[in-house]
Amino acid sequence: MCIRDRYMGIISSTDPLIVHYHDGFLRVSLNQYDISSTDISTHLTNTHLSKKAFKKAENEGKNSDELKDMQYWTFEEMQEFLLQEKVINDSNWLDNYLRPKFKQAFAHLGRMGKVSLWKDIRVFQLLGVDFILDQDLNLWLLELNNIPQISPSTEGKRSMLEEMLSQHLAIQFEMLKGRNQRAQKYLEDNVDKLEELDLFASKEEFRNISKNQLPDGFEKQHAWSFERVVDENKEGKHAYFGHLHPSCSVSYTHLRAHETGRNLVCRLLLEKKK
């Protein structure tokens, strides 16, 4: 058994680092899974290969829309399948195991990559994060996609994407509104001192006012699907919402897969950061 998951995440801010997690979906192989199969579409379920499979199905007189619905699964459908197959026996496995693992992994990824991010209050990025679950339900990172495919191939996916994108924009607008409100208050409080204000000395103070911030519980207040997993406005362990310890070393084992002209190549890379 091999299950490929994608969850969605946002680097909501790089100044300071704020990271959000959102449930994604599964793409199920249209072929019966066989570990020894040489058909690459048995092992990979990306959009490019799926288009080929749908075209082939249409040529054979099959309904491609039905195939698209069959290929798209929610996390809840995956859990139900695993329960039916007796791979798991916890009816709350998603909340007790998988989602915490995803959130911890994305917090790690954000923290690991922040040194390479452009630090600017205007920067944000929607990401698609692909994982594989192996036979023992170990989680392996496939790729972090900075241009994720968000086309609504099914009605279920359309609904999920519309909700996700509207919440994504609302988070950005909330931070923009907060920056403007704090800047306006600063100027109002100092209106009588503007002519005497040392702009150079006030630059750092104004920069701190302009940093991105979100109110505590902002996402839960709106009953949103996004969950904040990193907010470095907070101190110590509170910055990672229990998903990471601030002093932990970062250790990953990545299962990297890519397609060559002739076959599927999988590489194990062990990467450590102390």
Side-chain angles (χ1 to χ4, degrees), residues 1-12 19-31 33 40-54 67-82 87-88 93-95 97-110 112-113 124-135 137-168 224-230 243 252-259 264 266:
M1 181 185 67
C2 180
I3 297 176
R4 176 171 176 169
D5 300 276
R6 164 167 287 185
Y7 70 79
M8 310 303 293
I10 303 177
I11 304 293
S12 304
V19 174
H20 281 87
Y21 164 86
H22 191 286
D23 271 4
F25 55 91
L26 280 73
R27 288 197 192 100
V28 181
S29 174
L30 296 173
N31 301 329
Y33 183 71
I40 196 168
S41 63
T42 300
H43 302 278
L44 294 181
T45 59
N46 60 38
T47 302
H48 177 66
L49 288 173
S50 296
K51 286 180 179 178
K52 291 182 179 180
F54 296 145
L67 287 176
K68 290 176 183 179
D69 285 333
M70 184 183 76
Q71 188 188 40
Y72 174 85
W73 282 15
T74 64
F75 286 179
E76 286 74 19
E77 286 174 309
M78 174 184 62
Q79 177 176 264
E80 184 61 29
F81 169 77
L82 293 176
V87 177
I88 60 174
W93 177 78
L94 278 177
D95 289 328
Y97 177 78
L98 189 61
R99 286 188 178 113
K101 287 286 187 183
F102 279 158
K103 293 168 189 176
Q104 183 184 56
F106 199 43
H108 268 306
L109 288 168
M112 178 185 72
F124 58 89
Q125 179 71 55
L126 176 67
L127 300 166
V129 188
D130 292 349
F131 279 86
I132 276 183
L133 279 171
D134 66 17
Q135 187 75 35
L137 301 181
N138 295 311
L139 210 59
W140 300 89
L141 174 65
L142 273 175
E143 66 174 342
L144 189 125
N145 194 329
N146 65 347
I147 312 177
Q149 175 65 258
I150 56 173
S151 60
S153 54
T154 70
E155 283 305 310
K157 189 176 179 183
R158 178 190 297 275
S159 177
M160 185 273 287
L161 291 173
E162 287 177 352
E163 176 199 57
M164 180 190 70
L165 292 174
S166 65
Q167 292 179 12
H168 169 30
W224 281 354
S225 303
F226 274 108
E227 181 176 337
R228 215 179 320 174
V229 295
V230 176
H243 301 297
Y252 304 92
T253 303
H254 299 304
L255 175 63
R256 300 296 302 272
H258 65 274
E259 179 184 352
L264 174 69
C266 292

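Just the heavy atoms: all of them, side chains too, but no hydrogens, waters or symmetry mates, feed the values below. Starting from 1, each residue takes its place in the sequence as its number.
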Nearest heavy-atom approach of G110 to V19 is CA-CG2, 4.5 Å
Applying ring pair (Phe, Tyr, Trp, His ring centres under 6.0 Å) to W93 and not counting sequence neighbours gives Y97
Shortest non-hydrogen pair, N146 vs Q125, comes out as O-NE2, 2.9 Å
Taking C-beta and beyond as the side chain, do I10 and F226 meet within less than 4.5 Å on heavy atoms?
yes
Residues passing the side-chain hydrogen bond (donor to acceptor under 3.5 Å, both in side chains) test with E80, sequence neighbours excluded, are Q84
CZ (F25) and CZ (F75) are apart, to the nearest 0.5 Å, by 8.5 Å
So, do L137 and V87 sit near enough that their side-chain heavy atoms are less than 4.5 Å apart? yes
Hits for ring pair (Phe, Tyr, Trp, His ring centres under 6.0 Å) against H168, two or more places apart or cross-chain, chain-then-number order -> F124
Open item on the list: Within the structure provided, determine whether I88 and Q79 are in side-chain contact (heavy-atom separation under 4.5 Å).
Closed with: yes
- For residues M160 and T74, determine if any side-chain heavy atom of one lies less than 4.5 Å from a side-chain heavy atom of the other. no
Rounded to the nearest 0.5 angstrom, the CD1-CG distance for I132 and L139 is 10.0 Å
| request: List the steps and the verdict of side chain to side chain contact (heavy atoms under 4.5 Å, CB included) for N145 and L127. | output: CA-CA 6 Å; N145 194 329; L127 300 166; over 6 Å; no
The reported gap from CH2 in W73 to CE in M78 (rounded to nearest 0.5 angstrom) is 9.0 Å
Taken in chain and number order and not counting sequence neighbours, the residues that satisfy side chain to side chain contact (heavy atoms under 4.5 Å, CB included) with S159 are none
Discussion item. Any heavy-atom pair between the side chains of L141 and L109 that's under 4.5 Å?
Written reply: yes
Across all chains, not counting sequence neighbours, the side-chain hydrogen bond (donor to acceptor under 3.5 Å, both in side chains) partners of Q104 are none
Those residues at least two apart in sequence (or on a different chain) that pass side chain to side chain contact (heavy atoms under 4.5 Å, CB included) with N138 are D134, D136, W140
Residue set satisfying side chain to side chain contact (heavy atoms under 4.5 Å, CB included) with E163, at least two apart, ordered chain then number -> H22, Q167, S225
Only residue of R6, E227, R99 satisfying side-chain contact (heavy atoms from CB on, under 4.5 Å) with D23 is R99
- prompt: Is there side-chain contact between V230 and H20, with at least one heavy-atom pair below 4.5 Å?
  reply: no
Of all heavy-atom pairs linking H243 and A107, the shortest is CB-CB, 4.5 Å
| request: Evaluate the ring planes of F102 and F131, with Trp represented by its six-membered ring, and classify them as parallel (under 30°), tilted (30 to 60°) or perpendicular (over 60°). | output: tilted
Next item on the list: Could you check if a side-chain atom of L144 sits within less than 4.5 angstrom of a side-chain atom of D130, using non-hydrogen atoms only?
Entry: no
